[in-house]
Amino acid sequence: MGYYEFLLRGAGESCDAITNMLAELGCLGTFERDGLLVAFFRDGRDVAEIRDSLAGFRSVLRESGLDAGYSFDYHYLSERDWNESWKRRFEPVDVGESLAIVPPWKRDKDGRISIIIDPGMAFGTGHHETTRTCLGLIERISRTCRRERFLDVGTGTGILAIGAARLGFSRVTAVDIDPLATDAALRNASLNGLSGIEVFEGTIDDAEGPFDLIAANLIAGTLIRLAHSIALHLDVKGTAVLSGMLAGQEDAVISAFAAEGVLLEERIEDGRWVSLVLRR
Ligand code: SAH
């Protein structure tokens, strides 16, 4: 099993929108290198579909008044080349006041609570702004909320769920519709010595609430679609951390949650991404 590496030139101001679209197509991760946007896919994915989506996305960008003048190419990487490519990139990242995301071959970061993540299999290595913002918010909220039941909707590598468990939540549940993600989350949970995290393939409707804190780092459309279920699974004193929206998309998400009685408390913008803290 290998990977496809897509290289995009001239993505410029449209980088975030393209990254978001690629994530929806099942992209494992992206980063920027020498002015290129680099994106990885497992070779099980239909490469023609990715190619067509990237070509077709130009008209979506143009309609939104964004720069669509990018070009791209791609090539196949063997498992070994891909690992080497990631390893070179994957340095520990400090998050918030007390956390650090570290790869398995580094493990400990002095004085910080380590979240060990093997970037091998799913989105959520901590190099994306939305993941870091979510983790920072979870850390801050955990200081004042009841640290019992935590739900991570769309867990990817398991990073937010593992962070919550390391911060002291006693019952942590993680769901994802992608079996590659749940495999990765289980493997990462075990790398962190956290056998108690409940990870399963499915949607929020399969999780048994209520939860004190729910994190969902998804895209705007999915957050809106899940507003009712997230509200249903939130404890009366619970908090929701939502992320993954592009700036400008958050009002529709805020309205969908307000209609469910879950109201905005805080809005954080980093880069072109927005994260929200909401409470009943
Ligand atoms: N929580 C991680 C990963 C976010 S990527 C982080 O913060 O970095 C989003 C993940 O949500 C992907 O793994 C995708 O498979 C999953 N996903 C998308 N729609 C979903 C849905 N309706 N229910 C559950 N998971 C979903």
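We use all heavy atoms of the structure for the numbers below, so side chains are in, but hydrogens, waters and symmetry mates are not.
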According to a hydrophobic-cluster definition based on side-chain heavy atoms being under 4.5 Å apart (Ile, Leu, Val, Met, Phe, Trp, Tyr only), do F6 and L37 belong together?
yes
Transitive ILVMFWY side-chain link L278 to V241, under 4.5 Å:
no
Find the distance between CZ (F200) and CD1 (I177) and round it off to the nearest 0.5 Å.
13.0 Å
Any sub-3.5 Å donor-acceptor pair from T222's side-chain atoms to L218's backbone N or O?
no
What residues, two or more places apart in sequence or in another chain, satisfy side chain to side chain donor-acceptor pair (under 3.5 Å) together with T239?
R279
Side-chain (T155) to main-chain (D152) donor-acceptor, under 3.5 angstrom:
no
Output yes when a side-chain donor or acceptor of E139 lies under 3.5 Å from a complementary backbone atom of E97, and no otherwise.
yes
Listed once per pair and sorted, the ring pair (Phe, Tyr, Trp, His ring centres under 6.0 Å) pairs that draw on residues 146-197, sequence neighbours left out
F150-F169
Please name all residues satisfying side-chain contact (heavy atoms from CB on, under 4.5 Å) with R171, sequence neighbours left out, ordered by chain then number.
R149, T173, F211
Is the side chain of E250 donor-acceptor paired with the backbone N or O of G248 at a distance under 3.5 Å, no angle test?
yes
Using side chain to side chain donor-acceptor pair (under 3.5 Å) as the criterion, list what pairs up with E201, not counting sequence neighbours.
none
Between F40 and F72, is there a shared hydrophobic cluster once you connect ILVMFWY residues whose side-chain heavy atoms come closer than 4.5 Å?
no
So, does D235 use its side chain to make a donor-acceptor pair with the main chain of K237 at under 3.5 Å?
yes
One pair to check against side-chain hydrogen bond (donor to acceptor under 3.5 Å, both in side chains): Y70 and R9. What are the steps and the verdict?
CA-CA 5 Å; Y70 59 85; R9 248 168 230 92; over 6 Å; no
Between the side chains of D176 and T182, is a donor N or O closer than 3.5 angstrom to an acceptor N or O?
no
Minimum side-chain heavy-atom gap I214-V153 below 4.5 Å
yes
Should the pair E260-R280 be classified as a salt bridge under the 4.0 Å nitrogen-to-oxygen rule?
no
Quick one: pull up CG in N20 and OG in S14 and give me the separation to the nearest 0.5 Å.
12.0 Å
Hydrophobic cluster membership, V172 vs I101, 4.5 Å side-chain cutoff
yes
How would you list, by chain and number, every residue that makes a side chain to side chain donor-acceptor pair (under 3.5 Å) with R51, sequence neighbours excluded?
Y74
So, taking the atom named CZ in R166 and the one named CD1 in I159, what distance separates them when rounded to the nearest 0.5 Å?
12.5 Å
Between I141 and L160, is there a shared hydrophobic cluster once you connect ILVMFWY residues whose side-chain heavy atoms come closer than 4.5 Å?
yes
Distance (rounded to the nearest 0.5 Å) between L186 CG and I197 CD1:
9.0 Å
Nearest heavy atoms of G163 and L135, plus distance in Å
CA-CD2, 4.1 Å
In short, A189 meets I162 closest at the heavy-atom pair N-CD1, 3.7 Å
Salt bridge D178-R45, side-chain N to carboxylate O under 4.0 Å
yes
Interatomic distance, T157 atom OG1 to L191 atom CG [nearest 0.5 angstrom]:
11.0 Å
What distance do L61 atom CG and M21 atom CE have between them, rounded to the nearest 0.5 Å?
8.0 Å
Start with the C-alpha gap between R147 and D212, add the side-chain angles, then the distance that decides, and say whether salt bridge (Lys or Arg N to Asp or Glu O under 4.0 Å) holds.
CA-CA 7 Å; R147 265 176 299 178; D212 301 310; over 6 Å; no
Where do E63 and R58 land on the salt bridge (Lys or Arg N to Asp or Glu O under 4.0 Å) test, with the steps shown first?
CA-CA 9 Å; E63 273 166 29; R58 290 194 184 101; over 6 Å; no
N/O donor to acceptor pairs below 3.5 angstrom from side-chain atoms of residues 203-210, sequence neighbours left out:
{"residue": "T203", "atom": "OG1", "partner": "D205", "partner atom": "N", "Å": "3.2"}
{"residue": "D205", "atom": "OD1", "partner": "S229", "partner atom": "OG", "Å": "2.8"}
{"residue": "D206", "atom": "OD2", "partner": "T203", "partner atom": "N", "Å": "2.9"}

Check for me whether the distance between the ring centres of Y76 and Y4 falls short of 6.0 Å.
yes
Please tell me whether T130 and S243 have a donor and an acceptor in their side chains that are separated by less than 3.5 angstrom.
no
